[in-house]
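One structure is given below, encoded as structure tokens.
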Protein chains: 2
Amino acid sequence: MATISDVAAMAGVSTATVSRALNGKSTVDPELVARVVAAADDLGYRPNGPARSLRKQETAVLALIISDVENPFFTAMARGVEDVAHAAGYSVVLCNSDDEPDKEREYLDVALQERVAGVLLSPTGRGDSAELLRVHDTPVVAVDRPLPGWGSDAVLVDSRLAAKQATLHLAHQGYRRLGCVTGPSGVPTADERLAGFRDGLRVAKLRSSSALVRRTEFKAAGARRAAHALLTADEPPDGLLVANNSMAIGVLETLADLGLRAGRDVGVVAFDDAPWASLVDPPLSVVAQPAYDVGAVGAQLLLRRIGDENPDGNSSTTTLSAHLVARASTSHT
Amino acid sequence: MATISDVAAMAGVSTATVSRALNGKSTVDPELVARVVAAADDLGYRPNGPARSLRKQETAVLALIISDVENPFFTAMARGVEDVAHAAGYSVVLCNSDDEPDKEREYLDVALQERVAGVLLSPTGRGDSAELLRVHDTPVVAVDRPLPGWGSDAVLVDSRLAAKQATLHLAHQGYRRLGCVTGPSGVPTADERLAGFRDGLRVAKLRSSSALVRRTEFKAAGARRAAHALLTADEPPDGLLVANNSMAIGVLETLADLGLRAGRDVGVVAFDDAPWASLVDPPLSVVAQPAYDVGAVGAQLLLRRIGDENPDGNSSTTTLSAHLVARASTSHT
DNA sequence: TTGTAGGCGTTATCAT
DNA sequence: ATGATAACGCCTACAA
């Protein structure tokens, strides 16, 4: 592949001039610029990224580490990140931690090795990621979930409040024995949504029973098992708060298997408004999170840090709010 | 950030020894290895990726360029790529072309600059991407869509045949005026699915009317408009083949808006079996594509090329097949 | 305005 | 088995 020297040779100038010409630096004779550009074009020259990174000690790449590419919440977030990053000339590397601390760690290692300019991380909540990042003083912003034990910038959604509201909504609609299907203990969003659920129960003066709470991985399969156990128990819940979109699928499948109908038999609210939520029967009530904005704001914050205005300035936490979209799955009629 | 020299100094050896020790090269005194590892660990040393890439003239990164991260087909494919790449020690950079040739081109540029080891590309079908890649002789494999005008490896799905079968299925179920909502002209999968649709019409001896075909971007919004136009026309179709999953959402929304019921009023089959397809009312008949496998096989092919066994060996085209999953949306009862 | 030269951090070659 | 050293491709003082 053509190098800068090849271009220099062909244009009859020094490599320094080529570099300057191609990077629009200072004043270079327009005539030479033309020759250089022509030569570069001719050779299909493309600057060597690694070499440039090495020399400049910086890259134009951001890493975005999320726990599930197949979850619409995260893909929407990814778009937000992408759009902002792209506009600023940065590329985004998307990595899947699968909510496994080991994989998260591994990708963090790669990101650090590749000397990415910054990291957007949705931490599993367990593990020592924070430590790792601080040591290498790579700018980070936590998205969707806080980075435990360290004051990094963070963009979160107030899902505790949203969960509380969703729970109250269930109560107002007349559901009395409320259950909750949430994510693994230790995952902040899972814990918060459960806390919000309990807040709601308290305000609505409903009994809180740990038998009606199930924790499992944030996936459809886990939720299917959890919902089955819950709904076939002696005293099954008549209302359910489901902590994310993928889980909602598992829960709805289970309802169908058991011949139960959402709304009529069991009130259901789930986190995340996926495009299909209004198409299922009955349409699913959801807590709509501003996923795109979480990503966009996160990227802005990160770019600002990278811009160095504030190497270690006070860390900020932005909390966006979610809103309830009530549909037929929380209505008896 | 600590460099190899820092480690060397601390361990009291040369940088060469550190490099060898850390890379498990040849024979290094075990005692020294221990000292080196300890020092590296102590300093939180992490090899500099760019420097290493520059020196070795190779990276352990694969680029995957797709047209829509929010489309479950592509995310499933991404997982296939990821799993295979990861197992082989490669990272995957996910890029979104949005089906815009310009963006595709841009990401290709970045990939080339960063000297990725290989590219998995789902080409928009227009544009000169193939050219670009050949010039820089970076290994490529086309996934989901062929790379026009150039014999690269490719992993495709026989969507023409699948579309034909889906169309015949509609016909067998008694639908007579069949319509098709497909993607933009020039996008191979969009064209193929339409061709398959026409194949089916011919075999079923049904009339083919261009008034019943609509092309639009592969997104829900476009499909919504297309479906609306189709269904409010003078002679609306009574059966619809929808070319992808996102479009299916638009079509189903339109049906709901118009008070039409899938199955009873209009038979509907769509490409891609999303997790929610069986939850909508009525459950959606689909053409299930082996998305994960497309990605996995594509990655394997790419790694093989990179492995250099066959720098320019004959290009292979792997065609996987899709299968119809009939549900209630194609049944009058 | 242009050219020369040094160095970013690694790895690989060549001595020792 | 280990160490000095050159080179990967680029950018940027510094010199001219």
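These numbers were taken from a predicted model, which means no experiment stands behind them. Labels below follow one simple rule: chain letters A, B, ... track the order of the sequence lines, proteins then strands, and each chain is numbered from 1.
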Practice item. List in numerical order all residues of residues 31-40 of chain A for which some heavy atom is under 4.0 Å away from an atom belonging to DNA chain D. Key: none
**Study point:** Set of residues satisfying side chain to side chain donor-acceptor pair (under 3.5 Å) with respect to A:Y292, sequence neighbours excluded
**Key:** A:D83
Point to revise | 5' priority, DNA chain D, between B:A16 and B:L54 [closest heavy atom] | key: B:A16
Study note, to complete from the structure: Those residues at least two apart in sequence (or on a different chain) that pass salt bridge (Lys or Arg N to Asp or Glu O under 4.0 Å) with A:E70 are B:R79
Practice item. For B:R20 and C:dT10, give me the distance from atom CZ to atom C1', rounded to whole Å. Key: 13 Å
Review point. Taking only N and O in the side chain of A:N48, is any of them less than 4.0 Å away from OP1 or OP2 of D:dC8?
Key: no
Point to revise | Considering all heavy atoms, the nearest A:V92-A:A85 contact | key: CG2-CB, 3.5 Å
Revision key, fill the gap. Atom NZ of A:K56 and atom P of D:dG9 are separated, to the nearest Å, by 19 Å
Practice item. Can you sort out the partners of B:R35 under side chain to side chain donor-acceptor pair (under 3.5 Å), two or more places apart, ordered by chain and number? Key: B:E31
Review point. Is there a residue in residues 3-15 of chain A whose heavy atoms reach under 4.0 Å of DNA chain D, and which residues are they?
Key: A:T3, A:I4
Practice item. Give the rounded distance in Å between these two atoms: CD of B:E58 and P of C:dT11. Key: 11 Å
**Study point:** A:T17 side-chain N/O to C:dG3 phosphate OP1/OP2 under 4.0 Å
**Key:** yes
Practice item. Respond yes when some side-chain nitrogen or oxygen of B:R52 is under 4.0 Å from OP1 or OP2 of C:dT11, and no when none is. Key: yes
**Study point:** Any residue meeting side chain to side chain donor-acceptor pair (under 3.5 Å) with A:S14, in chain and number order, not counting sequence neighbours
**Key:** A:T17
Point to revise | Residue pair B:R145, B:D99: steps toward the salt bridge (Lys or Arg N to Asp or Glu O under 4.0 Å) verdict | key: CA-CA 12 Å; B:R145 309 169 179 180; B:D99 249 334; 3.0 Å; yes
Revision key, fill the gap. Assign each of A:K25 and A:P50 the nucleotide of DNA chain D bearing its closest heavy atom; nearer the 5' end lies the nucleotide of A:P50
Check your understanding: Counting just side-chain N and O atoms, does B:Q57 come under 4.0 Å of either OP1 or OP2 of D:dG9?
Key -> yes
